[in-house]
Amino acid sequence: MEAIARGFVEALGLLFRGDPGVREVLLLSLKVSGTALLFATLIGIPLGAWLGFARFPGRRLVIALIYTGMGFPPVVIGLLVYLFLSRSGPLGFLGWLFNPPAMVLAQTIIAFPLVAGFTMAAVIGVNPGLRQQLLSLGATSWQATLALLREARVGVVVSLVAGFGAIISEVGAVMMVGGNIEGHTRVLTTAIVQLTRMGAFAAAIALGLILLALSFLVNLGMLRLQGRME
């Protein structure tokens with residue numbers, strides 16, 4: 001316990017001094033996860049909204065795939081992305097492996113089923129007759145969809161929180177496709193693993209505190225936004 005307490009004290013010192021290494025890892029984590037969440041949002045919200053109101057053959061199969069993706073082990077996604085981006089893989093010509101774009105791709109694949117699934121559940125919870133009423137009043141399909149999303153906005157915000165929480169704390173996939181290269185692909189989670197292996201517990205605790213604070217602040221901001229929407 002004494003060692004842990006000492007580690008916390010040293011960690012707070014690192015945080016208050018604004019250690020350059022800590023700042024670099026934090027900024028890369030925000031850049032990678034923020035970009036992945038943006039792509040997951042652009043794919044997941046339209047897909048979730050469409051699945052919420054559309055009826056077509058094979059819809060149940062698509063929904064089952066989305067639900068499967070919501071619980072898919074990140075390390076398996078990391079493995080698949082690695083195989084696709086490896087030199088002998090079909091996307092190897094991109095040269096993304098062990099670079100931030102590969103990490104963004106892996107995190108996008110992890111987050112978008114969560115965004116799509118929660119958005120779909122929120123849209124299904126809206127009055128099913130609302131879309132037909134809007135269409136009968138002359139609204140375009142796009143305008144009716146936006147109205148549905150506005151009604152389901154609380155659930156949509158929850159989907160973004162779930163997606164961000166899943167990727168900012170993920171370690172297996174980003175380490176597999178990013179390689180945990182210092183100053184290039186090292187993010188908060190992979191840095192914690194590396195520092196713990198090296199016995200640098202103070203720095204590892206510092207990054208852990210930053211990760212917890214980041215998750216808390218994001219959730220707090222989303223809750224405030226959710227309160228304003230209700």
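Values below: all heavy atoms of this structure, side chains included; hydrogens, waters and symmetry mates excluded.
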Would the distance check show the side chain of [X] and the main-chain N or O of [Y] forming a donor-acceptor pair, the cut-off being under 3.5 Å?
X: Ser29; Y: Leu188; value: yes
X: Arg186; Y: Ile181; value: no
X: Arg150; Y: Ala147; value: no
X: Arg131; Y: Leu148; value: no
X: Glu170; Y: Val174; value: yes
X: Thr185; Y: Gly178; value: yes
X: Asn99; Y: Pro101; value: no
X: Ser159; Y: Val156; value: yes

Which value, rounded to the nearest 0.5 Å, describes the distance between [X] atom [atom1] and [Y] atom [atom2]?
X: Ser141; Y: Leu146; atom1: OG; atom2: CG; answer: 9.5 Å
X: Phe53; Y: Met120; atom1: CZ; atom2: CE; answer: 13.0 Å
X: Leu209; Y: Leu214; atom1: CG; atom2: CG; answer: 12.5 Å
X: Ile168; Y: Gln107; atom1: CD1; atom2: CD; answer: 7.0 Å
X: Thr35; Y: Met103; atom1: OG1; atom2: CE; answer: 10.5 Å
X: Ile110; Y: Ile77; atom1: CD1; atom2: CD1; answer: 4.5 Å

Which pair of non-hydrogen atoms, one from [X] and one from [Y], has the smallest distance, and what is that distance?
X: Leu80; Y: Phe72; answer: CD1-CE2, 4.4 Å
X: Thr119; Y: Ala49; answer: CG2-N, 3.9 Å
X: Leu135; Y: Ala144; answer: CD2-CB, 4.0 Å
X: Ala152; Y: Val126; answer: CB-CG2, 3.8 Å
X: Ala40; Y: Thr108; answer: N-CG2, 3.9 Å
X: His184; Y: Leu28; answer: O-CD2, 3.4 Å

Should we say atom [atom1] of [X] is surrounded by more than 12 heavy atoms from elsewhere, each under 6.0 Å from it?
X: Phe164; atom1: CZ; value: yes
X: Phe56; atom1: CZ; value: yes
X: Tyr82; atom1: OH; value: no

Flag yes if [X] and [Y] sit in one hydrophobic cluster, no otherwise; membership is Ile, Leu, Val, Met, Phe, Trp, Tyr, and two members link when side-chain heavy atoms are under 4.5 Å apart.
X: Val187; Y: Leu195; answer: yes
X: Leu211; Y: Leu30; answer: yes
X: Leu65; Y: Ile124; answer: no
X: Val81; Y: Phe93; answer: yes
X: Leu79; Y: Val193; answer: no

Quick one: do Val75 and Met176 satisfy side-chain contact (heavy atoms from CB on, under 4.5 Å)? Show the steps, please. CA-CA 8 Å; Val75 69; Met176 192 172 290; 3.6 Å; yes
Would you say the ring centers of Trp96 and Phe84 fall short of 6.0 Å from each other? no
Just one of Val25, Leu207, Val171 clears the side chain to side chain contact (heavy atoms under 4.5 Å, CB included) bar with Thr189, so which one?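 Considering Val25, Leu207, Val171, a side chain to side chain contact (heavy atoms under 4.5 Å, CB included) with Thr189 is found only for Val171.
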Might you work through the side-chain contact (heavy atoms from CB on, under 4.5 Å) test for Phe201 and Thr196, ending with a clear yes or no? CA-CA 6 Å; Phe201 298 115; Thr196 302; 4.1 Å; yes
Any non-hydrogen side-chain atom of Leu27 less than 4.5 Å from a side-chain atom of Lys31?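 No, side chains not in contact.
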